[in-house]
Every structure is written in C-alpha cells, then in structure tokens.
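Side chains included, hydrogens not; waters and symmetry mates left out as well; all remaining heavy atoms used. Lettering follows sequence order; numbering is per chain, from 1. All figures in this text were calculated on a predicted structure; none of them were measured in a lab.
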There are 2 protein chains.
Amino acid sequence: MYSFTEENYLKAIYKLSENNRQSISTNAIADLLQTKAASVTDMIRKLAEKKLLKYEKYKGVELTEKGKRVAVDTVRKHRLWEVFLCDKLKFGWDEVHDIAEQLEHINSALLIDKLDAFLGYPSHDPHGDPIPTKNGDIKKSEFVLLNTVKALQPVIMSGVADHSVLFLQHLDKIGLRLGTSCLIEEMNAYDGSLKLKLNSKQSISISKDVAKNILVKPV
Amino acid sequence: MYSFTEENYLKAIYKLSENNRQSISTNAIADLLQTKAASVTDMIRKLAEKKLLKYEKYKGVELTEKGKRVAVDTVRKHRLWEVFLCDKLKFGWDEVHDIAEQLEHINSALLIDKLDAFLGYPSHDPHGDPIPTKNGDIKKSEFVLLNTVKALQPVIMSGVADHSVLFLQHLDKIGLRLGTSCLIEEMNAYDGSLKLKLNSKQSISISKDVAKNILVKPV
DNA sequence: ATTAATTTTTAGACATGCCTAAAAATACTA
DNA sequence: TAGTATTTTTAGGCATGTCTAAAAATTAAT
Ligand SMILES: [Mn+2]
Ligand SMILES: [Mn+2]
Ligand SMILES: [Mn+2]
Ligand SMILES: [Mn+2]
C-alpha cells in the first residue's frame, strides 16, 4: 500500500507531533530521518498529494487523520514485533529496535492480528511504550519521570524516555528493568542523584541523568 | 547487504537451477519473476559485476558459490518464516507463502538463528520442503511422487510438488495433510486415479493430477 | 527598517529498477 | 545453406527517492 519510505516519513512526523503540538518543520524531519531538507521537501509534496498530510510552503506540515492512521499502524506493528523479539525470541531490549524497524513494514493485516493474539494482546512494548489498538487508538503514557517523584513514594519502573542502546545496557548493568519496584530513599540536593531502595532491600545510587530517563508508575 | 530485488533474482535462478542443470536462460528468469527479458538482462549484468553469477552474453547465467549462498540463505529464511506462521500463528499452509516472500528479506543473522531455535530447528517447511542449515547445506528431497508408488506400499504424506493455493486448499478439503499415513488400494488403469486407504480406515479417491503432485515417504 | 542569518524550496543530477521498441545474435526449418 | 522464427541485447525513457548547489522566503539582529 505505502512504501517503506512513506511509512518512515509519516512515523517520523507523528513522533515529532507528539511533543510539539504545532506544525512540523522540514529541518526537524530531516534531522530525525538523517536525510537532507531538500529530500524532505520532495517527499512532503508527494505525501500532501496523497492527502496524508497538510502542507503549506514554508509553513511546515501536519498529518491528516489518514496520515496519522498510517503512522499509528506502523507504530503498532513496530511495537508488537518488539514484544515478539523480546518475549518469544529472547532478545535483549537493547537489541530489538533495528530489527523492528524492518519488520514494521511487512504488509499483512492478518499477520498483525495473529501476532497480537499470539503475544496475548500486550498493552506495552519492551520499553514501556503503549501499543496502539487495532482500531488505531493509543492512550498516552500514564507514567511519570523518576526524578519528579517524591521521596518514599513506592513506584514500579514502567518505561524509558531514552531508547538508546547505551542507556538500556546501563540499566541492565545496574539491575533496573521494567517491573522493578522501588522508592527514593534520598535525593542529593547537589547533583540530583538518587539513592534508590529496591524491593530486594538492596540500595543503589543513580545519577540525575539516569533518573530523568526512567518512567515509573506510582503504586 | 543485498536488495530485495537482488535476492529475488538469485532465488529465482537458484530454483531454476534445481531442475535444469544447464545454465539458465533470460526468458526463464523473466517468466518466473513475471518481468520482461530486458529487465532481466539489466539485472543480470549487475549481479555478474558483483560476482554473484557467471554470465556470458547470449549463453545464459549460472550462480557462483557466492550467489548460491545468498539464494540458499534466502530460501532458509523463507521456509523458517513459513514454519513460524503455520506452527505459531496458526496460519493455513495455503496462506503463508506471500507473507514469507516479504519476511525472507529481513536482514539479521541473529534473528534467523533465534527464530530457528524458537521453532525447534525444523528440518522441513509446512509444504515438506527441506530447510537449509545455517551453514548453507540443503539435502535434496528424499520423497517420491505418490503416482510412482506401488500399490499396497504404506507411505506417509510428506510434501507437495504444486504449491498453489488452489491445490493446497483442495488437499484440505479431501482431508490430506502432511503426516497422513496411507496406501494405494487400487490404481485405475484408464485415468490414473487412485483409491487411497487412509490410516483412519477411510478410503478416498483422488485424480491422477492430484496424485502426481503429492510427495510421500515409504515406511 | 535594513541588513544578516537561517530555513526552506527549486534546479539539476544521479542510482536503482522497470518498461517498450528496435537491433543483433542464435536456433530452427525448408 | 539460406531464410525465417525465436531469443537476447541495446537504446531510450519513466518512476521513485536521493543528493548538492543555488535561489527564495522567513526570521533574527542591529
Ligand atoms: Mn523501537
Ligand atoms: Mn520500543
Ligand atoms: Mn513459500
Ligand atoms: Mn514452502
């Protein structure tokens, strides 16, 4: 139906729209897709012609409902495949993104339905990101950043804000994973580092840079 | 590494080489890939440049070891994905080929290793075709066509020579599937149709056209 | 309000992969 | 063996998606 390239552009614009609620600039898209502004302008015009986004010269773009649906469907496929790779094939959460970038473009609605069922209709991917439903509904994350939580408030680690391989491997190293229960014992006023008490009674110290990229759910 | 198109050409040439042991003609490739001879000539020259096949003008092509390896790896991926779709996602054997045509181009050696392990290192795909090993070894089918088997010789249905959706659905309809034990009770000398006695004691009649597309293993 | 800096678009080109039509080579046939 | 039919290659072109360099529009700064 749509080419890999078209899906990737729509997904990128969707991702950028989640933060900025204004229209998205050519350069922002070029940055995210690691391509040139001229290429983005070319593609934008094609997508506008197909009514996948609204485009006014020099004014940036905005997805139409149609374009948003294609983007959300692609996100759904990406995240379901990530669950498959982690849960079934035993990949680490730091290894799955690049493979899912390929798998998300496989075109078969029936395949995704059956994969969804096989995985037990998961609500979140291995990084804690919500999986859109078959109908294209996606609830926005109900999680909060660990560095904004009050001391002694018990929380469950539920997602990450930084999806980089380095960050995920760092969390593996210090023993933090989704589902870990913990609370902040102490916050260092000088550098913002936190002393975390894990469910296992063990305490660890994490830097502010780590804390502000961890999403938790208060319990 | 190699484009979808390149992999598809190499796979097609490999498939044609299995029957004809001579070099493969431009037209044969065009027929199989549903494209034009001129397009085949174009692609052939590129593949020859990359040392994936040996090409002499007007003399047809032959895969090099390198090209054969790419083809066999693609076949391996295709068949493993077909096993996944049937065994895990509960697709019918008539539904999996087109999806596997897409999945076979996903590029990750680790993914295929892990998929292979997840599936229990299957030796054959849902149509009875052998799955090449990680090293690129593939044993040629040890099965024989049902219409060449002597009467009363017990056999197990083990593969199909016709992979079309229509044929596979016909087998579903008459209750024949891989693993079915049977023997030929009677062969009709006039039209070559067979009376098959199934393990369930039930007897069915199948036409010669069906019989000559069923692969069996004598027991 | 001009000028300067930045962003965005256009112009022109290139790579991949496909096509049709025509030319060249090979294979078949009388 | 000449002549015809078939196969294969070449020539030229088109669509997609990319790029660099230059022009145009917008934004920021004096
Ligand atoms: Mn991802
Ligand atoms: Mn993810
Ligand atoms: Mn197949
Ligand atoms: Mn098969």
Side-chain angles (χ1 to χ4, degrees), chain A residues 1-14 16-17 19-20 22-63 67 70-71 74 101-102 104-107, chain B residues 1-14 16-17 19-20 22-63 67 70-71 74 101-102 104-107:
Chain A
M1 193 65 182
Y2 300 102
S3 71
F4 284 30
T5 310
E6 288 171 327
E7 286 185 348
N8 282 337
Y9 270 87
L10 293 170
K11 195 162 62 106
I13 296 164
Y14 175 75
L16 292 167
S17 309
N19 313 328
N20 306 21
Q22 311 122 18
S23 70
I24 304 306
S25 78
T26 303
N27 264 1
I29 299 168
D31 276 7
L32 188 56
L33 291 180
Q34 310 243 65
T35 183
K36 298 298 147 87
S39 306
V40 173
T41 303
D42 283 348
M43 178 57 71
I44 273 176
R45 295 180 65 228
K46 282 177 216 158
L47 295 174
E49 211 136 296
K50 295 189 186 181
K51 309 284 182 201
L52 292 162
L53 46 80
K54 236 174 50 197
Y55 167 53
E56 254 189 295
K57 268 192 196 174
Y58 293 101
K59 305 281 174 178
V61 300
E62 202 176 333
L63 292 182
V70 175
T74 306
E101 282 294 307
Q102 296 181 61
E104 71 187 6
H105 302 295
I106 301 292
N107 178 25
Chain B
M1 192 68 180
Y2 300 104
S3 71
F4 285 28
T5 311
E6 287 171 326
E7 285 185 349
N8 283 337
Y9 269 87
L10 293 170
K11 195 162 62 106
I13 296 164
Y14 174 75
L16 291 167
S17 308
N19 313 329
N20 306 21
Q22 311 122 18
S23 70
I24 305 306
S25 79
T26 302
N27 264 1
I29 299 168
D31 275 7
L32 189 55
L33 290 180
Q34 310 242 66
T35 183
K36 297 298 148 85
S39 305
V40 172
T41 304
D42 282 348
M43 178 57 72
I44 273 175
R45 295 179 65 228
K46 281 174 215 160
L47 295 174
E49 210 135 297
K50 295 189 186 182
K51 309 284 181 202
L52 291 162
L53 47 78
K54 237 173 49 197
Y55 168 53
E56 254 189 298
K57 268 189 196 177
Y58 293 101
K59 304 282 173 177
V61 300
E62 200 176 335
L63 293 182
V70 175
T74 306
E101 282 293 308
Q102 296 182 61
E104 71 187 5
H105 302 294
I106 301 292
N107 177 25

Heavy atoms under 4.0 Å, any strand shown: does [X] hit a base, just sugar-phosphate, or nothing?
X	value
A:Y55	sugar-phosphate
A:S39	base
B:T41	base
B:Y9	sugar-phosphate

With nearest nucleotide decided by heavy atoms, which residue, A:T35 or B:T26, maps closer to the 5′ end of DNA chain D?
B:T26
Along DNA chain D (nearest heavy atom to each residue), the more 5'-positioned of A:Q34 and B:G60
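Whichever sits nearer the 5' end wins; that is B:G60.
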[atom1] of [X] versus [atom2] of [N]: gap in Å, rounded?
X	N	atom1	atom2	result
A:N27	D:dA25	CG	P	18 Å
A:H105	D:dG17	NE2	P	12 Å
A:E49	D:dA15	CD	C1'	14 Å
A:D42	D:dC19	CG	P	10 Å
B:Y58	D:dT6	OH	P	17 Å
B:R45	D:dT10	CZ	P	6 Å
B:Q22	D:dT7	CD	C1'	16 Å
B:F4	D:dG17	CZ	P	14 Å

Do B:N8 and B:E104 touch side chain to side chain, with heavy atoms closer than 4.5 Å?
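Yes, at least one pair of side-chain atoms sits under 4.5 Å.
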Check whether any side-chain heavy atom of B:E62 sits under 4.5 Å from a side-chain heavy atom of B:Q22, and report yes or no.
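Side-chain contact under 4.5 Å: no.
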To the nearest 0.5 angstrom, please state how far the CD atom of B:E7 sits from the OG1 atom of B:T74.
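Going from CD on B:E7 over to OG1 on B:T74, the span is 4.0 Å.
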Out of curiosity, B:L47 CG to B:L63 CG, how far, rounded to the nearest 0.5 Å?
9.0 Å
Select from B:K46 and B:K36 the residue whose nearest nucleotide in DNA chain C is closer to the 5' end of that strand.
B:K46
Can you list the steps and then say if B:M1 with B:E6 is a side chain to side chain contact (heavy atoms under 4.5 Å, CB included)?
CA-CA 10 Å; B:M1 192 68 180; B:E6 287 171 326; over 6 Å; no
What is the ring orientation for B:F4 with A:F4, classed by angle as parallel under 30°, tilted 30 to 60°, or perpendicular over 60°?
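It falls in the perpendicular class, over 60°.
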Could you tell me the boundaries of the chain A footprint on DNA chain C, defined by atoms under 4.0 Å from its heavy atoms?
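Terminal contacting nucleotides, 5' to 3': C:dT7 to C:dT10.
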Applying side-chain contact (heavy atoms from CB on, under 4.5 Å), name anything that partners B:T26, two or more places apart in sequence or on another chain.
B:A37, B:V40, B:T41, B:I44
Do the side-chain N or O atoms of B:K57 get closer than 4.0 angstrom to the phosphate oxygens (OP1, OP2) of D:dT10?
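For D:dT10, OP1/OP2 do have a side-chain N/O of B:K57 under 4.0 Å.
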